[in-house]
Amino acid sequence: MTKNVRNTRAGSFNASSTPSNRPRKRFKRCCRNFVTFMCTQVGVGALIVIYAICGAFSFRKIEGESETHKEAEVTGLRTKCAEELWNVTELYNTLDKPTWQNSTDHILQKYQKEIAAIIKQGYDYRKPADIWSFPAALMFCLSVITMIGYGNMVPRTPWGKGFTVIYATFGIPLYILYFLNMGKVLARSFQFLYRSLHECTHERSSVEHRLDALENGSLRSLHRKKIIVPSTACLWVIIFYIFTGTIMFANWEKWSFLNSFYFCMTSLCKIGFGDFVPGASLVTGSLIAETSKKVQDDPTVDPNAVTKLQRSIAEQHSKLAINFIYMLIGMGLVAMCYNLMREEVRVKLKELKEDTKLCLDDTRTRFVGCCGGHQRRPYDNEDGDDYY
């Protein structure tokens with residue numbers, strides 16, 4: 001019986017260590033290492049960048065290739081308006097000017113209302129392929145996962161709206177994880193830098209500090225005092241970062257410094273009005289086609305205009321990628337300031353609690369001393385009796 005049990009255990013051990021199970025164990029180990037790496041700061045940052053790039057390609061595929069009849073509808077309204085104006089002109093000519101003017105005003109007002117209704121539905125005289133360029137789709141994905149929501153670009157197709165819901169469902173928790181991890185990393189780095197600078201610029205040296213501690217007989221003072229990063233330092237870092245973005249966006253997007261500063265503040269604060277968005281004025285394929293047609297039809301046009309536009313597209317894509325990184329780092333700096341300011345508030349509240357406790361103890365001691373310190377003491381008279 002004992003031999004059978006031993007043989008069974010040996011057989012199971014040999015079966016578990018067979019070469020067929022080794023690839024499975026290696027695969028599990030690789031998956032575990034990959035998940036562990038993705039939970040780190042570098043992994044989360046790389047994952048959110050990859051997630052945004054995949055989302056940009058997906059939205060460009062869904063929305064960029066969607067067919068729209070708005071352009072044909074606008075063209076038909078324009079042709080209809082011109083024909084009605086021509087008919088009115090032929091009917092009344094210039095002999096009856098008031099009637100002609102009233103009729104044309106009525107036609108133009110009707111045309112204006114119809115065009116305004118189409119524009120409210122999202123038509124902006126551009127094709128979907130031009131609207132959903134890769135840089136614009138990348139900024140749209142960033143606005144979704146960071147919950148900024150500029151609103152300058154929205155999905156129009158049912159598939160695009162459904163994919164936006166799914167994309168935000170998985171992207172927002174991923175961004176929150178990035179926000180927390182990046183804030184911790186930047187907070188620790190900034191704390192180390194601030195403490196190093198504080199120790200270098202400290203008035204007394206460590207030797208003098210040790211001598212003072214030995215003279216006072218206090219060993220606790222030998223321990224390093226915890227240095228808290230002040231809130232003013234965090235504010236200066238954010239202000240410097242915002243001014244850097246102000247100069248960058250003003251030069252690249254051809255905005256004024258006020259508009260660029262306004263965009264940086266509203267974006268980092270997650271307000272996101274959407275009136276200023278990077279990449280909204282990018283060169284599109286339609287513009288290149290129109291320029292090529294002008295070069296062929298008009299010999300006075302610069303023949304290198306198409307080449308310049310194609311070169312500007314490559315530059316704008318690289319600039320928009322830098323803008324994407326700028327926004328991600330800016331969100332991380334906001335998280336860093338949140339962590340550092342929270343630590344300072346915690347320390348201040350602890351100090352306030354200790355000061356309040358000491359103040360109450362001192363007040364109670366004084367109150368007891370004032371009320372109970374004037375008791376009358378007995379004294380002896382000549383007869384030896386005690387009186388009060």
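Reckoned from all heavy atoms, side chains included, excluding hydrogens, waters and symmetry mates. Because the structure is predicted, anything quoted here is derived from the model rather than measured.
Residue pairs meeting the side chain to side chain donor-acceptor pair (under 3.5 Å) criterion with at least one member in residues 141-151, sequence neighbours excluded: Y150-S267. Within the structure, no pair that satisfies the side chain to side chain donor-acceptor pair (under 3.5 Å) test touches residues 236-250, not counting sequence neighbours. Residue pairs satisfying the side chain to side chain donor-acceptor pair (under 3.5 Å) criterion with at least one member in residues 42-56, sequence neighbours excluded, are absent. Pairs engaging residues 329-360 under the ring-ring contact (aromatic ring centres under 6.0 Å, His included) rule: none recorded [sequence neighbours left out]. Sorted by first and then second residue, the side chain to side chain donor-acceptor pair (under 3.5 Å) pairs with a member in residues 344-357 read S231-E344; sequence neighbours excluded.
V144 meets the side chain to side chain contact (heavy atoms under 4.5 Å, CB included) test with F140, Y167, A168; sequence neighbours excluded. R60 pairs by the side chain to side chain contact (heavy atoms under 4.5 Å, CB included) definition with F134, not counting sequence neighbours.
Members clustered with L358: none, using a 4.5 Å side-chain heavy-atom cutoff among hydrophobic residues. Listed by chain and number, the hydrophobic cluster partners of M341 are L235, where partners are ILVMFWY side chains within reach of under 4.5 Å, directly or through others. Hydrophobic clustering, defined by side-chain heavy atoms of Ile, Leu, Val, Met, Phe, Trp and Tyr closer than 4.5 Å, groups F257 together with I247. In the hydrophobic clustering, where aliphatic and aromatic side chains (Ile, Leu, Val, Met, Phe, Trp, Tyr) are joined below 4.5 Å either directly or transitively, F240 stands alone.
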Only distances under 3.5 Å count here; give the side-chain donor-acceptor pairs of residues 76-87 to other protein atoms, sequence neighbours excluded, each with its distance to 0.1 Å.
from : atom 1 : to  : atom 2 : distance (Å)
T79  : OG1    : T75 : O      : 2.9
W86  : NE1    : E90 : OE2    : 2.9
N87  : ND2    : E83 : O      : 3.2

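Relative ring orientation between F249 and W255 is described as parallel, the plane-to-plane angle staying below 30° on a 0-90° scale split at 30° and 60°. W132 and F59 have parallel rings, their planes meeting at less than 30° on a 0 to 90° scale where 60° marks the start of perpendicular.
A distance of 7.0 Å separates CD1 of I148 from OH of Y175, quoted to the nearest 0.5 Å. I145 CD1 to L174 CG: the interatomic distance, rounded to the nearest 0.5 Å, is 7.0 Å. Of the inter-residue distances, the one linking I53 atom CD1 with I48 atom CD1 reads 11.5 Å to the nearest 0.5 angstrom. Summarising the geometry, atom CD1 belonging to I131 is positioned 7.5 Å from atom CE belonging to M153; distances are rounded to the nearest 0.5 Å.
Under the 4.5 Å side-chain contact rule for hydrophobic residues, I172 and V49 share a cluster.
By the 6.0 Å contact criterion, CE on M147 is enclosed, its count of non-hydrogen atoms from other residues, nucleotides or ligands being greater than 12.
The minimum heavy-atom distance linking F179 with M331 is given by the pair CE1-O, 3.4 Å. Shown here for A56 and A137, the closest heavy-atom pair between the two residues is O-CB, 3.6 Å. Closest approach of I242 and Y326 over heavy atoms only: CA-OH, 3.8 Å. Between P155 and G160, the shortest heavy-atom distance links the atoms CB-C, 3.7 Å. Minimum heavy-atom separation, S103 to V88: CB-CG1, 3.6 Å.
Taking 4.5 Å as the limit, every side-chain heavy atom of V185 sits out of range of all side-chain heavy atoms of M336.
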Please step through side chain to side chain contact (heavy atoms under 4.5 Å, CB included) for the pair T266 and Y262, ending with a clear verdict.
CA-CA 6 Å; T266 54; Y262 164 80; 3.9 Å; yes
Please evaluate residues F57 and K61 with respect to the criterion side chain to side chain contact (heavy atoms under 4.5 Å, CB included), reporting the C-alpha separation (whole Å), side-chain torsions for both, the decisive distance (0.1 Å), and the verdict.
CA-CA 6 Å; F57 280 112; K61 182 70 175 178; over 6 Å; no
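Side chains of E253 and S260: a donor-acceptor N/O pair is absent below 3.5 angstrom, by distance only. Under 3.5 Å, the side chains of N259 and S256 contain a donor-acceptor pair of N or O atoms.
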